[in-house]
Amino acid sequence: AVPWRPGTATPGQPRAAGPRCDPVSDSGGATHPLPPNGSIPPFDGQEGVWLRCALHVHTSASDGWLTPLAQRRAHAWAGYDVLALTDHDQYTAEPPGDGEPLVIGGTELSLTAPKSAGPLHLLGIGITKQPDVDRDATLDEAAKAVRAAGGLPFLAHPVWSGLRTDEVEGIDACAGVEIYNASCDIEQDRAHAGAQTDVWLAMGHRLSLIATDDTHYPGFDDFRAWTMVHAQERSRAAVMAALAAGRFYASTGPRITALAVHDGVLTVRTTPVRSIAALANPPFGAQVRAGVHSLAYGGRRLRTGDGQALEGINEGDHLTGAHFAWNSAARYIRIAITDERGHRAWSNPIWPA
Ligand SMILES: [Zn+2]
Ligand SMILES: [Zn+2]
């Protein structure tokens with residue numbers, strides 16, 4: 001076998017040494033620092049527990065079909081550890097129960113997008129009282145009201161809402177955005193907010209990424225997505241602290257088990273998947289996929305057109321990890337993985353500084 005290293009031609013596909021295009025000049029010459037060595041939170045070995053959280057759930061208190069009590073029981077049976085009942089424009093009191101799952105406060109505020117005039121929905125996760133907000137409030141005002149009510153504001157389903165990227169002034173007051181919403185997926189195939197999110201991240205907005213069901217109807221839009229939160233313990237205070245610190249990842253199935261940087265190389269480990277992508281500010285990014293790209297099963301090394309080095313970690317026919325060289329054109333990198341059944345998981349963005 002021919003040893004492979006960045007900047008050399010792939011065996012069998014001779015071409016001039018060096019990258020085909022220069023990522024740095026392609027990005028207007030902007031360069032960004034490389035991240036320091038170390039494990040990336042929440043994969044940093046801190047003591048705590050992993051909690052499977054449903055952070056966007058409706059009940060019969062608004063337009064969901066199950067009562068708050070039935071919704072709590074359903075989520076207990078489905079193996080959730082934490083539940084935020086996020087009824088439209090109201091605070092739903094904790095239903096009776098034996099503590100399973102832990103119920104933290106929630107709401108979904110109805111605002112109006114300032115330019116498109118479409119529905120702009122803002123989750124208030126972990127609130128202890130209903131925020132004082134009306135429909136004419138700006139995103140900034142609503143997000144600050146959520147924080148004043150003890151919660152964290154997350155922008156809901158931006159694709160379903162049809163939000164323009166130039167009408168989210170105030171997004172910096174948000175903790176994050178739904179990268180995936182199962183209800184929008186089932187109803188309309190409008191689940192994935194990756195494209196909009198990367199635009200906002202590239203602009204420098206430091207948003208965390210959650211996956212939710214937006215449950216309304218049993219058997220239809222429930223138990224398809226969750227946010228895995230690493231908290232010191234299973235309490236409201238610890239969950240809120242972990243959410244505020246970005247100690248979580250989003251999933252519809254597969255798990256991310258490790259994330260670390262060493263000498264400019266980002267390494268991710270996962271449960272078995274068919275593809276692993278490292279997404280940076282567009283147009284930068286790279287993906288390894290099992291079994292394609294002359295990655296015959298058992299093969300593992302690739303390079304992208306722009307010269308980025310990447311290498312998959314294979315176990316049998318699947319990938320269980322990958323190494324990505326961190327390019328100085330990357331302002332941030334986030335990981336997205338997809339398993340054999342199309343189920344996905346998303347890390348939070350990693351910012352070097
Ligand atoms: Zn909504
Ligand atoms: Zn909703």
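Order of appearance sets the numbers: ligands from 1, and atoms from 1 within every ligand. Keep in mind it's a predicted model, so treat the numbers as computed, not measured.
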So, using salt bridge (charged side-chain N to carboxylate O under 4.0 Å, His left out) as the criterion, who are the partners of Arg135 when residues are at least two apart?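 So Arg135 forms a salt bridge (charged side-chain N to carboxylate O under 4.0 Å, His left out) with Asp89.
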For the Zn ion (ligand 2), the nearest N/O/S atom on His58 is atom NE2
Residue pairs meeting side-chain hydrogen bond (donor to acceptor under 3.5 Å, both in side chains), one or both in residues 39-53, sequence neighbours left out, come to Asp44-Arg247
Leaving waters out, which protein N, O or S atoms fall under 2.8 Å from the Zn ion (ligand 1)?
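Within the sphere that stays under 2.8 Å of the Zn ion (ligand 1), the protein atoms of type N, O or S are Glu108 OE2, His121 ND1, His157 NE2.
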* Asked: If you link I, L, V, M, F, W and Y whenever their side-chain heavy atoms are under 4.5 Å apart, who else ends up in the same group as Leu83?
  ->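 Direct or chained contacts put Leu83 with Val57, Leu85, Val103.
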Name of the residue among Tyr180, Trp226, Tyr249 meeting ring pair (Phe, Tyr, Trp, His ring centres under 6.0 Å) with Trp346
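Result: among Tyr180, Trp226, Tyr249, Tyr180 is the only option passing the ring pair (Phe, Tyr, Trp, His ring centres under 6.0 Å) with Trp346.
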Closest approach of Val273 to Thr338 (non-hydrogen atoms, all atoms of both residues):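 Shortest heavy-atom contact: CB-O, 3.2 Å.
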Any idea how Tyr80 and Phe223 line up, ring-wise: parallel (<30°), tilted (30 to 60°), or perpendicular (>60°)?
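Geometry flag for Phe223 against Tyr80: tilted rings.
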